[in-house]
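Note sheet for the following structure.
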Amino acid sequence: MGAMVERNGGEPIDVLVVGAGAAGAVVAARVSEDPNRRVVLLEAGPDHPLASALPADLVDGHDNSYTAHDWGLEYLPVSARADRTDRFPRGRVTGGSTAVNTTIALRGTPADYDGWAALGNPAWAWPNVLEAFKRLERDLDFGDAPYHGDAGPISIRRFSPAELVPTQAAFLEACAAAGHPACADVNAPDAVGAGVMAVNKLGRLRISTAIGYLAAARYRPNLEIRAGATVRRVLFEGRRAVGVELEPTAPNHPGAIPNGTAAAEDGGPTRIRADVVVLCAGAVHTPGVLVRSGIGSAAEMERLGVAAVHVNEGVGAGLQDHPALAVICLAKYPELCATDLPLVQTITRYTAAGSDRPLDVNIELITRARWGGNRHDQHPRAFLLAPSLEQVEGRGRIRQRSLDPAVGPAIEPDFGVHPLDVSRHVRAWRDALALARSEPLAGFVEEVVFPDPARAVTDEDLARLAATVSASGYHPSCTAHLGPPEDPSAVVDQHGRCYGVDGLVVADASIMPFVPRANTNLTSIMIGEMIGERLRREPERYRA
Ligand SMILES: Cc1cc2nc3c(=O)[nH]c(=O)nc-3n(C[C@H](O)[C@H](O)[C@H](O)COP(=O)(O)OP(=O)(O)OC[C@H]3O[C@@H](n4cnc5c(N)ncnc54)[C@H](O)[C@@H]3O)c2cc1C
């Protein structure tokens with residue numbers, strides 16, 4: 001049994017944040033603005049404090065980083081669960097997935113957050129979250145608009161016409177020809193139609209939360225950032241969270257750093273005491289930390305031999321994502337798909353024909369794509385159109401396979417299953433096929449190779465195919481969602497406070513009640529802003 005240590009010069013820790021990703025880095029930065037609050041930020045992966053020494057994969061926002069700073073997870077896509085897994089990248093480094101992602105910086109629509117509020121969570125109404133969205137950004141194009149910010153930590157810009165890859169420019173023209181209105185600012189509250197993407201990168205430099213928020217905050221004497229620190233579980237005295245227990249870093253774990261967390265001097269695990277613990281490990285890992293701590297479904301905790309602190313069947317349930325399909329094209333010239341080009345530059349946001357859900361589809365053009373050969377290999381001439389379903393009915397789950405944090409959970413999304421999801425997605429797939437075949441985009445396409453025009457003819461063919469090839473948009477969320485006390489599936493209240501215990505907060509993509517109609521990075525940072533600010537301004541709310 002390791003002794004409970006108190007970090008930060010031996011002084012008591014006010015707020016201990018677990019996971020330095022989109023939300024966690026923000027929570028730590030915002031709370032530590034109060035010099036009288038001692039904050040410790042724990043991150044399982046490495047930390048690269050000096051921008052000048054940042055590894056190339058973290059610098060280059062023109063491509064995702066898939067392996068060098070990744071958890072090495074796989075997921076089981078859709079119904080054909082038994083025999084086909086695919087990688088499920090998650091950043092494992094300070095900055096979390098914001099440090100490895102595509103840098104698409106999209107807000108959800110006002111109706112998304114008003115929808116969260118309407119479920120009994122008034123704190124998340126659009127006017128409130130808008131303030132957080134404004135606070136987080138430095139919008140270099142529309143910073144003077146009343147619904148934008150011009151002084152926040154995350155720089156956001158849009159590609160100029162001259163910067164567009166020819167296929168990306170042609171995609172916008174094809175969208176215009178198909179009747180999609182032109183959209184100058186994809187982050188305006190009433191944005192609809194086709195336009196250049198808003199991105200959080202400057203040149204190629206990805207502005208992760210490690211750069212935007214931690215670069216400045218890390219010099220505060222009241223903030224300690226501790227990398228190579230994997231949290232095994234939250235510790236309780238009765239029903240009160242009093243700190244965390246760390247996992248000794250396994251040397252062969254993906255992304256492990258040489259001088260990882262050592263055991264306490266007496267040989268037991270390292271334990272850190274704090275007033276408030278905030279879980280920001282992301283929608284894939286936060287459920288695992290909760291279950292290992294004794295908060296989760298009764299059956300799962302019994303199977304794993306965990307003593308229950310509080311049974312909550314919502315933990316790990318409710319998984320949502322943005323399922324994506326692909327229209328894969330072989331380009332006429334390999335130069336159009338070159339590896340140094342930006343991966344995504346354009347988007348159209350619209351409503352699928354016949355759908356009663358406004359703006360339920362996004363189509364992005366992805367400059368290069370995997371095709372043929374090894375499933376992780378890019379084809380030198382492949383690019384794709386990705387119609388992604390932004391409002392989904394289906395809900396999957398995260399299931400713990402082991403108590404060992406190094407063993408990834410089973411990630412079981414529910415893509416291509418719910419009839420309403422499938423019918424809308426098939427229509428969007430047809431829309432994307434039509435765009436690939438219309439000028440001027442068609443002029444760059446040698447051949448559409450997927451879906452195979454000979455085998456996928458009817459809507460039924462496409463629906464069957466969607467059930468096996470719908471892929472993750474890498475936007476897992478809702479696995480420990482917020483909600484009012486009368487909602488039995490809610491894991492936390494609208495302020496992120498975990499039901500059934502005191503002193504434990506969750507603030508990351510897992511608390512979304514449903515996934516918003518946008519890639520989830522900006523919404524996750526916004527969640528960090530909302531809860532970080534509240535933790536700093538109203539500490540008594542969290543000390544209960
Ligand atoms: C390859 C890729 C591309 C993407 N592209 C985009 C995009 O272009 N635009 C967009 O909007 N969204 C994108 N996303 C999604 C977006 O990055 C996420 O929605 C967002 O980062 C989620 O934020 P989070 O704080 O919940 O989790 P994360 O940002 O993933 O942060 C979780 C952090 O917790 C750490 N952690 C986990 N478990 C533990 C533990 N036990 N102890 C200590 N630390 C732990 C992790 O290492 C990580 O640093 C992408 C994601 C990936 C992986």
Side-chain angles (χ1 to χ4, degrees), residues 16-27 41-47 57 61 63-67 69-71 73 87-108 154 156 197-201 206 208-210 214 226-234 244-247 249 254-255 261 278-290 292-293 321-322 342-344 347 362 364 366 404-406 408-409 472-480 506-512 515-516 518-528 531:
L16 185 72
V17 183
V18 177
V26 180
V27 170
L41 174 58
L42 301 174
E43 167 54 44
D47 182 31
D57 63 301
D63 207 352
N64 295 328
S65 167
Y66 286 119
T67 49
H69 294 91
D70 186 62
W71 282 86
L73 303 171
R87 70 180 167 206
F88 200 94
R90 292 287 92 194
R92 188 172 183 275
V93 59
T94 44
S97 298
T98 78
V100 301
N101 74 14
T102 322
T103 70
I104 292 166
L106 270 190
R107 296 174 177 177
I154 301 292
I156 293 179
M197 191 64 97
V199 288
N200 53 307
K201 65 182 161 190
R206 184 187 283 112
S208 67
T209 53
L214 296 183
R226 183 145 184 227
T230 303
V231 169
R232 166 174 278 265
R233 62 183 177 126
V234 179
V244 300
E245 181 177 294
L246 300 186
E247 188 72 1
T249 304
T261 307
V278 188
L279 297 185
C280 304
V284 173
H285 288 108
T286 283
V289 180
L290 286 169
R292 294 195 294 273
S293 310
D321 197 332
H322 292 132
L343 202 53
V344 180
I347 185 170
N362 284 354
E364 294 167 5
I366 316 283
D404 181 352
S472 170
Y474 304 153
H475 301 154
S477 25
C478 316
T479 53
V506 183
D508 60 22
S510 50
I511 71 169
M512 301 181 194
V515 72
N519 310 40
T520 42
N521 192 32
L522 233 48
T523 296
S524 304
I525 298 174
M526 177 275 284
I527 288 172
I531 295 184

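Computed from heavy atoms alone, side chains included, the values below leave out hydrogens, waters and symmetry copies. Counting starts at 1 for both ligands and their atoms, in listed order. Just so it is clear, the structure is predicted and the values come from calculations on it, not from any experiment.
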Legend entry - Candidate pair N519 and H322, rule side-chain hydrogen bond (donor to acceptor under 3.5 Å, both in side chains), full reasoning: CA-CA 8 Å; N519 310 40; H322 292 132; 5.4 Å; no
Per-residue contact class, [X] against ligand 1 - non-hydrogen pairs under 4.0 Å:
X    : result
A229 : backbone
V344 : neither
N521 : both
V284 : neither
H475 : side chain
S524 : side chain

Note the single closest protein heavy atom to [atom], along with its residue, its atom name and the distance in Å.
atom                    : value
atom 42 (N) of ligand 1 : V231 N, 2.9 Å
atom 27 (O) of ligand 1 : G282 CA, 3.6 Å
atom 25 (O) of ligand 1 : A23 N, 3.1 Å
atom 47 (O) of ligand 1 : E43 OE2, 2.7 Å
atom 31 (O) of ligand 1 : G21 CA, 3.2 Å
atom 23 (O) of ligand 1 : A22 CB, 3.2 Å

With a cut-off of 4.0 Å, which atoms of ligand 1 are near a heavy atom of [X]?
X    : answer
A509 : 26 (O)
V93  : 49 (O)
R90  : 51 (C), 52 (C), 53 (C)
H285 : 37 (C), 38 (N)
T520 : 10 (C), 11 (O), 12 (N), 15 (C), 18 (C), 19 (O)
R92  : 47 (O)
C280 : 32 (C), 33 (C), 34 (O)
T230 : 41 (N), 42 (N)

Hey, looking at [atom], which of [options] has the closest heavy atom?
atom                    : options                : value
atom 32 (C) of ligand 1 : G96, A281, S65         : A281
atom 6 (C) of ligand 1  : L343, N101, D70        : N101
atom 1 (C) of ligand 1  : P89, S208, G61, A507   : P89
atom 14 (N) of ligand 1 : Y474, F88, Y66, W71    : Y474
atom 8 (O) of ligand 1  : L279, T209, T479, I104 : I104
atom 30 (O) of ligand 1 : S97, A44, A198, G528   : S97

Taking atom [atom1] of [X] and atom [atom2] of [Y], what is their separation to the nearest 0.5 Å?
X    : Y    : atom1 : atom2 : result
S293 : L279 : OG    : CG    : 7.0 Å
T523 : R107 : OG1   : CZ    : 10.0 Å
H475 : S524 : NE2   : OG    : 9.0 Å
T102 : M197 : OG1   : CE    : 9.0 Å

Inset, instruction - Compare all side-chain heavy atoms of V17 with those of L42 and state whether any distance is below 4.5 angstrom. - result: no
Legend entry - Aromatic ring pairing W71/H285, orientation class (parallel under 30°, perpendicular over 60°, tilted between): tilted
Legend entry - By side chain to side chain contact (heavy atoms under 4.5 Å, CB included) - contacts of A518 (at least two apart): L106, R349
What heavy-atom pair brings [X] and [Y] nearest, and what distance separates the two atoms?
X    : Y    : result
A22  : T209 : O-CG2, 3.5 Å
D321 : G473 : OD1-N, 3.4 Å
G19  : L41  : O-CD1, 3.7 Å
S65  : R206 : N-NH2, 4.2 Å
I156 : A198 : CG2-CB, 3.9 Å
L290 : A480 : CD1-CB, 4.2 Å

Inset, instruction - Compute the shortest N/O to N/O distance between N64 and ligand 1 and return yes if it is under 3.5 Å, no if not. - result: no
Legend entry - Pairing residues for T286 by the side-chain hydrogen bond (donor to acceptor under 3.5 Å, both in side chains) criterion, not counting sequence neighbours: D508
Legend entry - Donor + acceptor pair across side chains of N200, T103 (<3.5 Å): no
